Amino acid sequence: MKFIPRQPREGINVSDTHPLVEAGTLIVGLTAIFICIALLLIFLVEIALYFVPVEKEVAMFENWLPEDLVTVSPGDERLHQTQILVDRLAFHWADAPYEFRVEIDDSDIANAMALPGGLIIVTEGLLDQVESENELAFVLGHELGHFRNRDHLRALGRGIVLSLFFAATMSNDVSSISLSVTDLTLRGFSRKQESRADEFGLALVYTHYGHVNEASRLFEKWDDDDSTMLDVVSYTSTHPDAGDRVESLKEQALREGWPVEGVITELKW
Amino acid sequence: MDSGFLQTLEAILNFGLPIFLLLLAYFVGTMLERRHFRSIRNRESEFAQFPVVTFDTMPADWTATSSTLVTGSVVVSLDYFKRVIAGLRAIVGGRIKTYEPLLDRARREAMLRMIEEARRDGYDAVFNVRLETSRLANSSGEGKRTAGVEMLAFGTAVKFTSRFARTS
């Protein structure tokens, strides 16, 4: 048998596709798929909301508290006063189906949350930052707006969607990418919900005090801090840009003819 | 608290860093791969005259004076770019195109190392050549992750009675 020297042939075992083309195809294609699935799941969450009436929700989450919550003592004056303020605001929401409970979370990050069953959480950090009752009332009114629109359940649904995606892509490095994509899509919806809750909150504040003075002061403060923020970040955030929120609140007050001047109510602690 | 700065930082960490790592891995990985393929092609043409066959018995017209086992082994791992793209590919399935050149390099390099071993010890040809792979488990993730792959080429190297024995 004759031995014929020959070198290995190329182009059979290795694909000709340029790695960047492969990367681009996969990233664009999968992003599209992920966004479609996320939209579909959001749609399903909306449908599910019809089947969980408020009464059922209240019954399910009665006396429920998140496990990682660090509450202050039940005798805390701020807790007492915040609860009173919520009750007074809720009075103006005539057919409120919830009995709102307030808890203070021992966290330095200024935040407030609406949780299932009518639970409102405000953080120590937020209470440290507010300087008047009007400021606090708007934040609480905003959370009440979430309850009215049932955004708190949508947020729960979003959490489930994200954990589903996390579970599906858990075993590889892509989890971060697909999660970011899904998260970004969901955050777009979240920003719209925040704006709607803002509107409801401002209406409550006006009904209660007869003016909207200092309602948006917290955001004005944050907007000054945000001067270093890149524009692109506001598209990736769950909440609208603080400056934009101040603007739309001002527009709303102007449109409705609500006075922007008025007596400020001091905090009662 | 400067929340704007924190959010900017978060955005950079969430999106900028992975993209930067991906591009870095792509450029470095591509450069190294090109260099490796160049070296492989050079050595393949250098060794082209050296008979390497897969027959499991020695061809009848070879007359050997001595024989030995020769091996060539390569351990390869992925770069971050290949890993991420392959991870995306694994979701929908199909040819993992970023792994193919990697394993092609490993196969050919293992063969070349086997031939180099045979030539260094003065052998004239190798028959019964086989290729084996095994996965190296990564200690993290309970050994379920892959640290790399070993490609092993082995065969029986023989010395001919005369330099021209095989050209009958």
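Protein chains get the first letters and strands the later ones, always in sequence-line order, with residue 1 at the start of each. What you see is a predicted model, and the numbers here were worked out from it, not measured in a lab.
For the pair A:A23 and B:I85, the tightest heavy-atom approach, listed with the atom from each and the gap, is CB-CD1, 3.4 Å. Summarising the geometry of A:P5 relative to B:A48, their closest heavy-atom pair is CB-O, 3.1 Å, with the distance given to 0.1 Å.
Note: A:I4 CD1 to B:Q49 CD = 11.5 Å, rounded to the nearest 0.5 Å. How far CZ of B:R95 is from CD of A:E22: 10.0 Å, rounded to the nearest 0.5 Å. Between the CD atom in A:Q7 and the CD atom in B:E44 there is a gap of 6.0 Å [rounded to 0.5 Å].
Evaluation of the side chain to side chain contact (heavy atoms under 4.5 Å, CB included) rule for A:I37 yields A:I33, A:L41, A:F165 as partners, not counting sequence neighbours.
Counting non-hydrogen atoms of other residues, nucleotides and ligands closer than 6.0 Å to CZ of A:R9 gives a total of 12 or fewer. Counted within 6.0 Å of CZ on B:R34, heavy atoms from surrounding residues, nucleotides or ligands total 12 or fewer; the atom is thus considered open.
Of the two parts of B:V92, only the side chain, counted from C-beta on, holds a non-hydrogen atom closer than 4.5 Å to a non-hydrogen atom of chain A. Residue contact with chain A, scored on non-hydrogen atoms closer than 4.5 Å, is absent for B:F47. Heavy atoms closer than 4.5 Å to chain A are found in the side chain of B:Y26, but not in its backbone.
Put simply, of A:G29, A:G125, A:P19, the one with the most heavy-atom pairs under 4.5 Å next to chain B is A:P19.
Residues A:L20 and B:F81 form a side-chain contact, since some pair of their non-hydrogen atoms from C-beta on lies under 4.5 Å apart. B:R108 has its side chain within reach of A:E10: a pair of non-hydrogen atoms, C-beta onward, lies under 4.5 Å apart. By the 4.5 Å heavy-atom criterion applied to side chains, A:N13 and B:E100 are not counted as neighbours.
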